Amino acid sequence: MWKIEKMLRRDVITVSSLFLVFFGGVTSLRDVKLLVRPSVVIRNGTASLICSRDMQGAPLYSVKWYRGNHEFYRYTPLETPQTRVFGLPGIYVDMNNSNGSQVLLKHMDITLAGNFSCEVTADASFATQIDTKFVDVVCLPTFDPVLKADKDRYQPGEILRANCSSSPAKPAANLTISVNGEPLLASETSLHPSESGLLWTRVHADIKVTPDLFISGRLRVACVATVYDVYKRSAKLDFFTPEADPRPERITLNGGATACGTFNKWILLFLLFFLPMLVSSDDYTLDDGGDYYDDNTRLRQAALTLIHL
Ligand SMILES: *[C@@H]1O[C@H](CO)[C@@H](O)[C@H](O)[C@H]1NC(C)=O
Ligand SMILES: *[C@@H]1O[C@H](CO)[C@@H](O)[C@H](O)[C@H]1NC(C)=O
Ligand SMILES: *[C@@H]1O[C@H](CO)[C@@H](O)[C@H](O)[C@H]1NC(C)=O
Ligand SMILES: *[C@@H]1O[C@H](CO)[C@@H](O)[C@H](O)[C@H]1NC(C)=O
Ligand SMILES: *[C@@H]1O[C@H](CO)[C@@H](O)[C@H](O)[C@H]1NC(C)=O
């Protein structure tokens, strides 16, 4: 008699927990969110994948992290060991900085760019929620953009043909040409693959030169290269009114063929030995003075001296 009563009660418990799974369990877990810091990862850098949730008092059964459909890290508080790493090419989990709330990934390569997910499961009810975020791993251009014009000086009425290119990156850098600080909307942009599987960008603009473009005798063409908000570099060319004498100087930092992330060792040597002596400031913002041109001229003279040695 007592035995039957006990069996009955167990059945009631089973039925009620099943009931919880299908009806009540869903409310025991909510707001599962995956937060990635930083939101854009620079190649070889680290990223924290933070998985926040509101358990509403329910016990935690597991938290799983995925890249695409492949699980690479699991936290199960009731098992030993509590954390497990599943080998996945290119995934390096920093175990010292990973726990049930976040995973730290090191040495991220551009091939890892993709969807990452975290999935939380509550105990008893086995209610599960998942959140997915796209994580971009970028490779920044190695060199500053290079801006060229077809001539050194222009008469009003002539067309100034400007080209600007940015060294290989992933994703390709965005390039904008501006005249006296005003971005040109009608410019042609093209993307070109590089050997290293990256893309370099070129933009071309035809500018009709009018007298009013020479503000205080100077017409400034600039080109800005950006990759999201993690990279911003510019190059500029100044043109003077036809009467004024100073010869325009160009910024020509060459070396576009070098793969992203690697430096030609001669350029590196050159920079190591000569740059500290020649350049007092490496601030290439649009608003700085004309000093950079002089530095650049001296840089090129030094480079010529080096070649002649
Ligand atoms: C992780 O911590 C252990 C013990 O504190 C230490 O020996 C090890 O070097 C650490 N590993 C990393 C990658 O920091
Ligand atoms: C997980 O690790 C992070 C960073 O090391 C730390 O801030 C956080 O408090 C840890 N969380 C738990 C639940 O241990
Ligand atoms: C990432 O997930 C979104 C939807 O969540 C999907 O549209 C996209 O195709 C996925 N991207 C990759 C690279 O799998
Ligand atoms: C700009 O690029 C175009 C297309 O490659 C080329 O024909 C032109 O000569 C270039 N102009 C300058 C000033 O480099
Ligand atoms: C380039 O610009 C477009 C439009 O503003 C933007 O959607 C895109 O994210 C930018 N790409 C990069 C790599 O900065």
Side-chain angles (χ1 to χ4, degrees), residues 32-43 46-55 59-78 81-83 85 88-91 93-106 108-120 129-142 144-145 164-178 183-194 197-203 223-234 260:
V32 169
K33 284 263 170 317
L34 176 63
L35 177 71
V36 183
R37 278 211 197 109
S39 54
V40 174
V41 184
I42 294 167
R43 166 145 102 176
T46 61
S48 291
L49 309 178
I50 303 157
C51 188
S52 64
R53 63 265 176 178
D54 180 356
M55 299 301 297
L60 178 67
Y61 176 69
S62 68
V63 190
K64 299 172 178 180
W65 276 260
Y66 299 84
R67 158 69 172 70
N69 296 321
H70 301 279
E71 183 185 355
F72 60 87
Y73 182 83
R74 181 188 297 180
Y75 174 75
T76 32
L78 302 178
Q82 290 186 323
T83 56
V85 172
L88 210 60
I91 297 259
V93 175
D94 180 346
M95 291 296 283
N96 287 358
N97 289 295
S98 300
N99 53 32
S101 306
Q102 64 172 70
V103 176
L104 189 76
L105 293 182
K106 301 184 292 186
M108 291 185 73
D109 192 45
I110 50 178
T111 53
L112 277 190
N115 284 339
F116 283 76
S117 312
C118 94
E119 182 190 71
V120 178
Q129 258 195 20
I130 189 161
D131 190 32
T132 300
K133 287 276 154 62
F134 181 78
V135 178
D136 208 353
V137 185
V138 302
C139 183
L140 302 180
T142 311
D144 287 357
C164 181
S165 59
S166 164
S167 60
K170 182 198 163 274
N174 275 345
L175 286 179
T176 310
I177 291 185
S178 61
L184 290 181
L185 299 174
S187 44
E188 307 156 29
T189 303
S190 55
L191 298 181
H192 309 267
S194 76
L198 307 167
L199 289 172
W200 61 276
T201 316
R202 176 165 53 209
V203 62
C223 174
V224 181
T226 55
V227 176
Y228 302 130
D229 58 357
V230 295
Y231 175 92
K232 183 175 190 175
R233 293 300 185 94
S234 62
C260 180

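In listed order, ligands and their atoms are each counted from 1. In this text, all values refer to a predicted model and were calculated from it rather than measured experimentally.
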Atom pair CZ (F72) and CG (L105), whose distance is rounded to the nearest 0.5 Å: 5.0 Å

My question is simple, although I want it checked carefully: is atom 2 (O) of ligand 2 less than 4.0 angstrom from any protein heavy atom? yes

Can you say whether the rings of W200 and H192 are parallel (under 30°), tilted (30 to 60°) or perpendicular (over 60°)? parallel

I'd like to check which ligand 5 atoms, numbered from 1 as shown, lie under 4.0 Å from a non-hydrogen atom of P171. 13 (C)

Distance to 0.1 Å, residue and atom name: give those for the protein heavy atom nearest to atom 7 (O) of ligand 2. Q102 OE1, 4.6 Å

More than 12 heavy atoms of other residues, nucleotides or ligands under 6.0 Å from NZ of K133: yes or no? yes

Heavy atom to atom 6 (C) of ligand 2, shortest distance: which of I50, D94, N97, N99 holds it? N99

Please confirm whether the backbone N or O of L35 pairs with a side-chain atom of R37, one donor and one acceptor, at under 3.5 Å? no

Part of A173 with heavy atoms under 4.0 Å of ligand 5, whether side chain, backbone, both or neither: neither

More than 12 heavy atoms from other groups under 6.0 Å of OH on Y61: no

Could you name the option among V135, D131, T132, N115 that has the heavy atom nearest to atom 8 (C) of ligand 3? N115

Salt bridge (charged side-chain N to carboxylate O under 4.0 Å, His left out) for K33 and D54? Distances and angles first, verdict last. CA-CA 9 Å; K33 284 263 170 317; D54 180 356; over 6 Å; no

For atom 11 (N) of ligand 3, decide whether some protein heavy-atom distance is shorter than 4.0 Å. yes

Could you tell me whether ligand 2 has any atom less than 4.0 Å away from a heavy atom of S101? yes

Gap separating the CD atom of Q129 from the SG atom of C118, nearest 0.5 angstrom: 9.5 Å

With a cutoff of 4.0 Å, is A172 in contact with ligand 5, counting heavy atoms of the residue only? yes

Atom 5 (O) of ligand 5 [closest protein heavy-atom partner, distance rounded to 0.1 Å]: N174 ND2, 4.6 Å

Identify the closest protein heavy atom to atom 9 (O) of ligand 5: which residue and atom is it, and at what distance? Y228 CE2, 3.7 Å

